[in-house]
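Following: one structure in structure tokens, then a few remarks.
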Number of protein chains: 2
Amino acid sequence: MSHPLGTRQAQKQRTRRALLDAALELLEEQSLGSLGLREVTRAVGIAPTAFYRHFRSVEDLGVALVGEALESLHPLIGTAVSATGDAEERIARAVESIAGHVDRYPAHMRFIVRERHGGVRAVREAIRDQLARFTEEVAKTLAEDPVSAGWSADDLLMLAQLYVDQMIATGCLFLEAPASAGTPVTTSEPGHGDRARERVARTAARRLRLISIGRLHWLDRPADEGTSGRGAAGVGTAG
Amino acid sequence: MSHPLGTRQAQKQRTRRALLDAALELLEEQSLGSLGLREVTRAVGIAPTAFYRHFRSVEDLGVALVGEALESLHPLIGTAVSATGDAEERIARAVESIAGHVDRYPAHMRFIVRERHGGVRAVREAIRDQLARFTEEVAKTLAEDPVSAGWSADDLLMLAQLYVDQMIATGCLFLEAPASAGTPVTTSEPGHGDRARERVARTAARRLRLISIGRLHWLDRPADEGTSGRGAAGVGTAG
DNA sequence: GATTCCGGAGAACAGTTGTTGACTGCATGG
DNA sequence: CCATGCAGTCAACAACTGTTCTCCGGAATC
């Protein structure tokens, strides 16, 4: 109601947040390209013209959303790609991290997944760039892992991209899994959602496991044929 | 101009195609949710009301597009996942198949990638279902591969999903790579596009290689811990 | 205490959208 | 050869869009 604390800029940032949040919520059932400026202001409860005080266009708002959505993703690197524990522990921890993140910021996750290949060029490119930064950081973390000894920078980046793609795909699966309802502890029955969630978790874990195995044997045949590098993993599969 | 061949239904299907094609082209720079009915008819050159003779809504048109886009994808299974040749040959063939498909049907590919997580529920679900069918067929093909001997059905499906995701991701990368211009043979210089294309091809091949390696060693530790199945591939990586 | 700054409101604008009903011309089937 | 079916047209509708300009009131500054 009133403005108990803070200056005027505080109020400005508050309605800015309201705009961002309203947009984020509206974007759960549509894409940014079809999101109207008036639609957002209506949801916030301000005049359409007030929108321009905060963003130049919906596209602009979208880019801002990319920023905070990807930023919220960053801390995941520490828990999901860290080099502590055995392989199975690490996989479990990674999957749990992703699940937790989707629980905390579902709208952010959905936004990224939807707009990554969406119809708004500026937002697409913003996501691509931010994701590239993120991937590079993952690559850096992977480099510190003893398993990565002897890997070329290119191969490490490839692996990081694979992991990041996997992370997003897994997050998307968690999003699509029927929500485990808002009641975390009230009922102890499994519920439809929890079953689906666990199925997703197990599949995701298996995927990571396969990648992890491939990683372990990546350098098994150091130099076979002349070319540039990786040895062909050819084995008798001739039909 | 005239109607030399065919009945009246031929003409109907022709404008239906025109609608689909126009939509497909318009969708290269926007998403289905923001695609207007009038926009499509305007591009085709017919009255807006004529649209209803073919589709009930733009959503409906989208679902139709899903059908033909995914159908065009099916023949890829034979060339990209077949069990002939050594691993390296197969990987190269898979990447080439995908590149070729993107060259032939770029709009289809873009449509799938964009709308797979897009803002139109009906289309999203149509893609998910069709993609599930596709994946199951891939799994069936993989099952015939000697490498898959001893694999559980669940694991095979997981691998198929991984391959399908990889296929789409690779296709998307080829789409984003600057086009190699419409002139295939006129100039023999590499050009910006061709360099980018080859970079994409090499990265995609490496990804497939890693997955292939993981596949080969998937059953290395048949039964380690009690649980349900796959042995933990844990190896000394403790930080 | 007076003045400037600025987030927001209001009205109005020209365009656009999806959808309707009644109509027309032409290929088709009796 | 006539009657029906049906793709496509036209006009009109209410609703909505993004954007501009003008104005207001309260905080911030001097």
Side-chain angles (χ1 to χ4, degrees), chain A residues 1-23 25-27 29-65 115 118-123, chain B residues 1-23 25-27 29-65 115 118-123:
Chain A
M1 299 304 172
S2 57
H3 30 95
L5 284 185
T7 72
R8 172 148 93 199
Q9 274 199 336
Q11 172 62 14
K12 170 161 186 177
Q13 272 190 338
R14 192 183 297 166
T15 65
R16 187 189 140 100
R17 263 253 61 82
L19 284 169
L20 290 168
D21 288 341
E25 191 176 337
L26 289 167
L27 284 175
E29 286 179 354
Q30 63 185 311
S31 56
L32 190 69
S34 64
L35 181 65
L37 174 156
R38 297 180 101 107
E39 207 174 342
V40 182
T41 57
R42 194 185 309 136
V44 172
I46 62 175
T49 55
F51 183 91
Y52 294 105
R53 303 291 181 191
H54 302 273
F55 305 100
R56 230 180 305 188
S57 63
V58 180
E59 196 173 296
D60 221 42
L61 181 147
V63 176
L65 279 179
E115 302 302 330
V120 184
R121 165 181 298 249
V123 171
Chain B
M1 299 299 173
S2 57
H3 28 95
L5 284 185
T7 72
R8 173 147 91 199
Q9 273 198 336
Q11 172 61 14
K12 170 161 185 177
Q13 272 190 339
R14 192 184 297 167
T15 65
R16 186 188 140 101
R17 264 252 60 83
L19 284 169
L20 290 168
D21 289 340
E25 191 175 337
L26 289 167
L27 283 175
E29 286 179 355
Q30 64 184 311
S31 56
L32 190 68
S34 64
L35 182 65
L37 174 156
R38 298 179 100 107
E39 207 174 343
V40 182
T41 57
R42 194 184 311 137
V44 172
I46 62 175
T49 54
F51 183 91
Y52 294 106
R53 303 292 178 191
H54 302 272
F55 305 100
R56 231 180 303 188
S57 63
V58 180
E59 196 173 297
D60 221 42
L61 181 147
V63 176
L65 280 180
E115 302 302 331
V120 184
R121 165 181 297 249
V123 170

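Keep in mind that the numbers below use all heavy atoms, side chains included, and drop hydrogens, waters and symmetry copies. Each chain gets a letter, A, B and so on, in the order the sequences are listed, and its residues count up from 1.
- Taking atom CG on A:L19 and atom P on C:dG7, their separation rounds to 13 Å, with Å as the unit.
- At least one donor-acceptor pair under 3.5 Å links the side chain of A:E115 to the backbone N or O of A:L32.
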Could you give the side-chain donor-acceptor pairs of residues 50-65 of chain A under 3.5 Å, partners two or more places apart or in another chain?
residue, atom, partner, partner atom, Å
A:H54, NE2, A:T15, OG1, 3.1
A:S57, OG, A:E59, N, 3.4
A:S57, OG, A:D60, N, 3.3

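- Evaluation of the side chain to side chain donor-acceptor pair (under 3.5 Å) test over residues 31-50 of chain B, restricted to residues two or more places apart or in two chains, returns A:S31-B:S31, B:Q30-B:S34, B:Q30-B:E39.
- Spacing between atom NZ of B:K12 and atom P of D:dG5 amounts to 15 Å, rounded to whole angstrom units.
- Atom CZ of A:R8 is separated from atom C1' of D:dG25 by 10 Å (rounded to the nearest Å).
- When the C1' atom of C:dG18 is taken as reference, atom CZ of B:R56 falls 16 Å away, rounded to whole Å.
- Residues of residues 37-55 of chain A having a heavy atom closer than 4.0 Å to DNA chain D, listed by number: A:L37, A:R38, A:R42, A:T49, A:Y52.
- In this structure, the salt bridge (Lys or Arg N to Asp or Glu O under 4.0 Å) partners of A:D21, at least two apart in sequence or on a different chain, are A:R17.
- Summarising the geometry, the separation between CG on A:L35 and P on D:dC16 is reported as 16 Å, rounded to the nearest angstrom.
- Note that CD of B:Q13 and OG1 of B:T7 are 8.5 Å apart. Values are rounded to the nearest 0.5 Å.
- Distance B:R14 CZ to C:dA27 P: 13 Å, rounded to the nearest Å.
- If you measure from atom CD of B:Q11 to atom P of C:dG25, you get 18 Å, rounded to the nearest angstrom.
- Residue contacts shown for B:T15 are limited to sugar-phosphate atoms, with no base heavy atom under 4.0 Å away.
- Applying the side chain to side chain contact (heavy atoms under 4.5 Å, CB included) criterion to B:A22, with sequence neighbours excluded, gives B:V40, B:A43, B:V44.
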